[in-house]
Amino acid sequence: MTTLTSHDRSMRVRPITAAIGAEVVDIDLQKIGDEQVDAIRTALLDHHVLFFPGQRLDHGGHVALGRRFGELEVHPHLPSPSTDHPEIVELKASWGGIADEWHTDVTFLPSPSVMSILRMVRCPEVGGDTMWANQHLAFEQLSPP
């Protein structure tokens with residue numbers, strides 16, 4: 001586990017697997033400063049997927065968090081009829097926002113998103129899995145041509 005400290009705040013980053021993912025604890029995403037944003041960006045580059053358990057972001061907090069990392073985009077094909085924030089896409093099977101195959105989000109754009117921020121509101125007891133793959137590691141481990 002890595003502890004990243006900035007002035008009076010610290011957060012801990014615990015890798016989940018050797019290949020991808022880390023859990024970030026001891027942080028309140030509604031009250032982060034610039035140094036914590038930088039530390040999160042570094043952890044994201046190191047681990048590719050970050051999980052922040054126990055956070056309670058509302059729609060406004062979710063958008064504000066995203067803006068700390070850069071300009072937000074509005075998804076061109078998935079509107080979100082249940083929120084006043086066009087930057088938020090609500091994925092619901094009844095709206096067609098479910099992907100059941102491996103994919104990378106919005107790669108059809110000239111400049112695809114650098115990151116996505118997901119917030120699970122309700123998870124089914126069975127199914128509904130979201131899986132992640134480390135494409136950098138996969139590429140590094142390809143056999144020579």
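Below, each value reflects all heavy atoms present in this structure, side chains not excepted, and no hydrogens, waters or symmetry copies. For clarity, every value in this text was computed on a predicted model and none was experimentally measured.
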A.B. asks: Less than 4.5 Å apart, any side-chain heavy atom of I40 and any of M11?
C.D. replies: yes
A.B. asks: Which residues pass the side chain to side chain contact (heavy atoms under 4.5 Å, CB included) test with A133, not counting sequence neighbours?
C.D. replies: W102
A.B. asks: In this structure, would L118 and F51 fall into the same cluster of hydrophobic residues linked by side-chain contacts under 4.5 Å?
C.D. replies: yes
A.B. asks: To the nearest 0.5 Å, tell me how far D28 CG sits from R56 CZ.
C.D. replies: 11.0 Å
A.B. asks: Count the heavy atoms belonging to other residues, nucleotides or ligands that lie under 6.0 Å from CD of Q30, then report whether that count exceeds 12.
C.D. replies: yes
A.B. asks: With a 4.5 Å heavy-atom cut-off, do L44 and F69 have their side chains touching?
C.D. replies: no
A.B. asks: Using 0.5 Å steps for rounding, measure from the CZ atom of F52 to the CD1 atom of I32.
C.D. replies: 7.5 Å
A.B. asks: Starting from M115, can I reach V13 by hopping between I/L/V/M/F/W/Y residues whose side chains sit under 4.5 Å apart?
C.D. replies: yes
A.B. asks: Side-chain heavy atoms nearer than 4.5 Å, only ILVMFWY residues, links allowed to pass through others: does that put V49 and L137 together?
C.D. replies: no
A.B. asks: Is there a donor-acceptor pair closer than 3.5 Å between any side-chain N or O of Q55 and the backbone N or O of L29?
C.D. replies: yes
A.B. asks: Name the one of S113, P86, S116 that satisfies side-chain contact (heavy atoms from CB on, under 4.5 Å) with E73?
C.D. replies: S113
A.B. asks: Who pairs with F139 by ring pair (Phe, Tyr, Trp, His ring centres under 6.0 Å), at least two apart in sequence or on another chain?
C.D. replies: none
A.B. asks: Do R67 and E87 meet the salt-bridge criterion of a basic N to acidic O distance under 4.0 Å?
C.D. replies: yes
A.B. asks: Given 3.5 Å as the limit, does a donor-acceptor pair link the side chain of R119 with the main chain of H62, or not?
C.D. replies: no
A.B. asks: Going by the rule ring pair (Phe, Tyr, Trp, His ring centres under 6.0 Å), which residues pair with H48 if we only count those two or more places apart in sequence or in a different chain?
C.D. replies: H136
A.B. asks: Can a donor-acceptor pair be found, under 3.5 Å and without considering hydrogens, that links the side chain of D26 to the backbone of S10?
C.D. replies: no
A.B. asks: Would you give the length of the straight line joining atom CD of E140 to atom CG of N134, rounded to the nearest 0.5 angstrom?
C.D. replies: 7.5 Å
A.B. asks: In Å and rounded to the nearest 0.5 Å, what is the CG to CD1 distance from L65 to I117?
C.D. replies: 4.0 Å
A.B. asks: Could you tell me whether the side chain of V24 reaches within less than 4.5 Å of the side chain of R12, counting heavy atoms only?
C.D. replies: no
A.B. asks: What class does the angle between the rings of H59 and H85 fall in, given that below 30° is parallel, 30 to 60° is tilted and above 60° is perpendicular?
C.D. replies: tilted
A.B. asks: Over all heavy atoms of both residues, which pair between H47 and P15 is shortest? Give the atoms and the distance, please.
C.D. replies: CE1-CG, 3.8 Å
